[in-house]
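Here's the structure, in structure tokens; my notes come after.
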Amino acid sequence: MPLSHLTHLECSICGERHEADVLQTICTACGRALVARYDLTSAARTFSRESLAGRPWNMWRYAEVMPGDVSSPTTLGEGMTPLLSTPRLGAHAGVPDLWVKDEGGNPTGSFKARGLSAAISRARELGVTDLGVPTAGNAGSAAAAYASRAGIRAHVAMPDDTPSTIMAEVQAYGAELTLVKGTISDAGTYIAQRAAEEGWFVLATLKEPYRVEGKKTMGYELWEQFGDLGDGLPDVVVYPTGGGTGLIGMWKAFDELEAMGLIGSERPRMIAVQAEGCAPIVRAFDLRLDRAEPWEDAQTLAPGIRVPAPFADDL
């Protein structure tokens with residue numbers, strides 16, 4: 001497998017450069033999200049549709065644009081989920097060429113596996129022994145599973161009305177589970193306090209730079225899978241949105257693909273879908289605001305997208 005071409009971390013808002021081989025959370029200059037940057041000119045020498053043909057059938061096949069030691073990641077086989085044609089659903093919705101990317105095939109049953117595999121791989125390389133994760137649900141399960149795989153102690157906090165099956169899964173993987181009153185924002189406050197006291201490394205959404213690197217592989221897979229169908233990228237991507245890392249990650253993947261000369265400047269139209277009872281991004285978009293105001297009394301049957309105050313709302 002090729003090596004990673006990771007060069008540094010960069011603030012997504014102010015552009016401040018940070019070292020990649022030092023544990024980092026948010027930008028020290030402005031407090032916003034850091035993103036990983038690569039030498040894409042060098043990466044392009046070995047990264048192509050043809051070069052991918054013989055690589056492992058998981059998200060680590062995109063080694064050149066993945067962080068850290070890509071030869072020995074903390075993996076459970078995440079990624080390369082199926083792209084399914086849904087003609088009857090498409091006919092019902094008035095979308096004749098509708099496809100569903102089934103992320104339920106990932107380990108622990110959600111796309112959260114991608115982000116936690118990348119983040120915990122990097123945390124392990126940089127010497128983390130204890131990590132803290134606030135979650136609305138599925139990220140807690142994935143964090144517990146990958147931490148167990150890596151030999152790292154995981155401390156997970158989630159709302160006390162999270163489905164009990166998710167609570168049981170977190171505990172089954174051996175993580176310490178704490179239930180809090182409220183939402184993921186309250187879980188985040190708890191984890192931040194305990195991390196400061198106990199020295200845990202916090203893997204909160206986009207408050208560290210590598211979860212989004214795992215999520216971006218959905219964009220690379222769409223490029224690869226639609227290419228196999230004879231198309232470029234999809235015209236539209238409709239995406240259930242809580243913290244937004246999936247959308248941000250896919251957009252980053254498309255930018256990297258363009259920089260490597262593998263696509264042009266065209267982009268899918270990307271639609272963030274939120275529950276009516278918790279829709280801070282939709283409201284901010286409709287009102288043309290630069291930042292999203294926290295959503296009061298967040299309610300939805302879909303716990304994974306009950307995120308009333310996403311950290312990277314501006315992205």
Side-chain angles (χ1 to χ4, degrees), residues 1-7 36-86 97-122 125 146 149 210-237 239 246-268 270:
M1 287 284 285
L3 298 176
S4 169
H5 288 268
L6 177 70
T7 56
R37 297 301 187 200
Y38 301 84
D39 180 348
L40 295 173
T41 300
S42 296
R45 296 187 185 117
T46 57
F47 190 99
S48 67
R49 192 179 298 280
E50 293 71 27
S51 72
L52 293 170
R55 297 191 187 181
W57 198 248
N58 60 42
M59 75 175 195
W60 293 95
R61 66 198 276 107
Y62 308 118
E64 292 94 335
V65 290
M66 293 294 284
D69 182 4
V70 292
S71 66
S72 59
T74 300
T75 179
L76 295 167
E78 55 291 328
M80 292 312 296
T81 55
L83 186 65
L84 307 174
S85 175
T86 57
D97 194 19
L98 180 64
W99 296 77
V100 171
K101 188 149 174 61
D102 182 10
E103 287 295 288
N106 279 305
T108 72
S110 87
F111 87 117
K112 301 289 186 179
R114 296 177 185 268
L116 272 303
S117 173
I120 289 176
S121 292
R122 198 72 177 119
E125 292 169 31
Y146 284 92
R149 183 73 159 180
Y210 296 114
R211 282 177 65 172
V212 73
E213 294 303 290
K215 309 284 183 65
K216 80 178 181 185
T217 58
M218 290 186 293
Y220 280 96
E221 289 177 23
L222 289 176
W223 163 73
E224 198 173 353
Q225 290 171 317
F226 273 87
D228 290 342
L229 295 170
D231 298 317
L233 293 171
D235 297 320
V236 181
V237 175
Y239 194 80
L247 283 172
I248 295 165
M250 284 186 280
W251 192 270
K252 186 174 188 289
F254 302 149
D255 277 354
E256 291 172 356
L257 284 165
E258 182 181 358
M260 289 187 287
L262 296 169
I263 63 171
S265 59
E266 305 82 10
R267 295 291 184 274
M270 302 183 82

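With K216 contributing its side chain and V65 its backbone, the two residues share a donor-acceptor pair below 3.5 Å. No donor-acceptor pair closer than 3.5 Å links the side chain of S4 to the backbone N or O of V70. The backbone N or O of L98 lies less than 3.5 Å from a partner atom in the side chain of T86, making a donor-acceptor pair. Judged by distance alone, with hydrogens and angles left aside, the side-chain atoms of R211 form no donor-acceptor pair with the main-chain N or O of L116 at under 3.5 Å. A side-chain donor-acceptor contact under 3.5 Å links D39 to the backbone of S42. No donor-acceptor pair closer than 3.5 Å links the side chain of K101 to the backbone N or O of E221. Here the side chain of R55 pairs a donor or acceptor atom with the backbone of S51 at under 3.5 angstrom.
Summarising the geometry of A63 relative to P2, their closest heavy-atom pair is CB-O, 3.6 Å, with the distance given to 0.1 Å. When every heavy atom of P67 is checked against every heavy atom of R122, the shortest pair comes out as CB-CD, 4.2 Å. When all heavy atoms of A36 and Y210 are compared, the pair lying nearest together is CB-CE2, 4.3 Å. Shortest non-hydrogen contact noted between G68 and E125 is CA-OE1, 3.4 Å. The shortest non-hydrogen separation linking P107 to A113 is O-CB, 3.3 Å.
A cation-pi contact, defined as under 6.0 Å to the ring centre and within 45° of the axis, links R49 to W223.
When side chains are defined from C-beta on, P234 counts as touching F226, because their heavy atoms get closer than 4.5 Å. At a threshold of 4.5 Å between non-hydrogen side-chain atoms, the residues L222 and L83 count as touching. Within the 4.5 Å cutoff, the side chain of E78 has no heavy atoms near those of the T108 side chain.
Taken from CG in D255 to CD1 in I263, the straight-line distance is 8.0 Å, to the nearest 0.5 Å. The distance from the CD atom of E224 to the CG atom of L233 is 12.0 Å, given to the nearest 0.5 Å. Between atom CE of residue M59 and atom CZ of residue F111 there is a gap of 12.0 Å, rounded to the nearest 0.5 Å. A distance of 8.5 Å separates CG of L3 from CG of D69, quoted to the nearest 0.5 Å. The line from CZ of R114 to OH of Y146 is 9.5 Å long, rounded to the nearest 0.5 Å. From F254, atom CZ reaches atom CD of E266 across 12.0 Å, with rounding to the nearest 0.5 Å.
Using a 3.5 Å distance cut-off with no hydrogens or angles, the side chains of Y220 and Q225 do not pair a donor with an acceptor. Donor-acceptor pairing under 3.5 Å is recorded for the side chains of S117 and W60. T74 and R149 share no side-chain donor-acceptor pair at under 3.5 Å. Side-chain polar atoms of E213 and Y62 form no donor-acceptor pair below 3.5 angstrom. In summary, the side chains of T46 and E64 do present a donor paired with an acceptor at a separation below 3.5 Å, with no hydrogens or angles considered.
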For side chain to side chain contact (heavy atoms under 4.5 Å, CB included), just list the numbers for F47 and L257, CA-CA rounded to whole Å, side-chain angles, deciding distance to a tenth of an Å, and then say yes or no. CA-CA 10 Å; F47 190 99; L257 284 165; 4.2 Å; yes

Any chance you could lay out the side chain to side chain contact (heavy atoms under 4.5 Å, CB included) test for E258 and R267, step after step, and finish with the verdict? CA-CA 10 Å; E258 182 181 358; R267 295 291 184 274; 2.6 Å; yes

Which is it for E256 and L40 under the side chain to side chain contact (heavy atoms under 4.5 Å, CB included) test, yes or no, and what are the steps along the way? CA-CA 7 Å; E256 291 172 356; L40 295 173; 4.1 Å; yes

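Atom CG of D102 has more than 12 neighbouring heavy atoms from other residues, nucleotides or ligands inside a 6.0 Å radius.
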